[in-house]
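Scroll down for the structure; my scribbles are underneath it.
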Amino acid sequence: MDITVFLGAPGSGKGTQAKKLAETGNFQHFSTGDMLRAAIHAGSEVGLKAKEFINRGELVPDGVMIELIANALSKLPSSTRAILDGFPRTVPQANALDKSPGTAVTRAIFFEVPNSLLIDRLTGRRICEKCGQPYHVKFLPSSAGEKCERCGGKLIQRPDDNENVVRRRLEVFAEQNDQLLHYYDGSKKLRRINADAAVDKLQSQLLGLLK
Ligand code: AP5
């Protein structure tokens, strides 16, 4: 399997880019945040465990996350090109991926964005209730107004996108990020992109890195 992990702060644009790459038909997108929100919606055991952590802006425990992603990747054909968006978030998660048979990471791409942009990006984000497509009230509004331009679903604000929780999420990210960058830099798998750029420009750069 060819596995690319997207690293970057909450709001750095990982989900926006991963969804566009998946639309090309050449990549499979795995967002652990989307998986957890689906589990919460379904009322499953994982969802019940995860909800309180997410709503406080904390990380869900490593054991839960490692099992979740291992299950998602376990039955894929070896020709799969997978984009992991939001996993790993800690060095134990990165280690678990590299040590499991067939899931060693090929490359890690770090989305660099100045901190000053992130609060606006996150508090102004709206997502489609049905398909999860992200929009932004100022930067990327839906052409269908309050509805999703792809599926017509209602646009809502994520509960963890309120300013207090956003600030905590950014702190949690800062606590883990240096160690994770060091982990991938050490194995020469780290690439960085300046993610303070237009969505289409970033998409072309990513397609270049993923060739
Ligand atoms: P998750 O859903 O993964 O949230 P996150 O990492 O905090 O990332 P975001 O989805 O907030 O940001 P993004 O980088 O995808 O940005 P987006 O493209 O949407 O995780 C949620 C929670 O689940 C975590 O807090 C944690 O509790 C738990 N969790 C998940 N994975 C876990 C793990 N592995 N271990 C432990 N816990 C885990 O863009 C943001 C906004 O900016 C949007 O409005 C978008 O329209 C706009 N935008 C995007 N690109 C641009 C651009 N180029 N220019 C202008 N605006 C842009």
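Indexing begins at 1, ligand by ligand and atom by atom, following the structure's order. All values reported here derive from a predicted model rather than from experimental measurement. Scope of the values below: all heavy atoms of this structure, side chains included, with no hydrogens, waters or symmetry mates.
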Can a cation-pi geometry be assigned to Arg169 and Phe173, taking NZ or CZ under 6.0 Å from the six-membered ring centre and within 45° of the ring axis?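 No, Arg169 does not sit over the ring of Phe173.
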Would you indicate whether the side-chain heavy atoms of Met35 and Leu68 approach each other to under 4.5 Å?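 Contact flag for Leu68/Met35 side chains = yes.
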Determine whether the side chains of Gln93 and Asp62 contain a donor N or O and an acceptor N or O closer than 3.5 Å.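 Checked: Gln93/Asp62 side chains pair up, N/O donor to acceptor below 3.5 Å.
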For residues Glu163 and Thr123, is any side-chain donor paired with an opposing acceptor at under 3.5 Å?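 Absent: no donor and acceptor within the cut-off.
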Checking salt bridge (charged side-chain N to carboxylate O under 4.0 Å, His left out) between Arg125 and each of Asp161, Asp120, Asp160, which is the one that passes?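 Looking at Asp161, Asp120, Asp160, the match for Arg125 under the salt bridge (charged side-chain N to carboxylate O under 4.0 Å, His left out) is Asp161.
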Taking non-hydrogen atoms within less than 4.0 Å of ligand 1, which protein residues qualify?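 Contacting ligand 1 under 4.0 Å are Ala9, Pro10, Gly11, Ser12, Gly13, Lys14, Gly15, Thr16, Thr32, Gly33, Leu36, Arg37, Ile54, Glu58, Leu59, Val60, Met65, Gly86, Phe87, Arg89, Gln93, Arg121, Leu122, Arg125, Pro134, Tyr135, His136, Phe139, Leu140, Arg158, Asp160, Arg169, Ala197, Val199, Leu202.
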Pair Phe6 and Phe111, ring centroids less than 6.0 Å apart: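 Yes, close enough.
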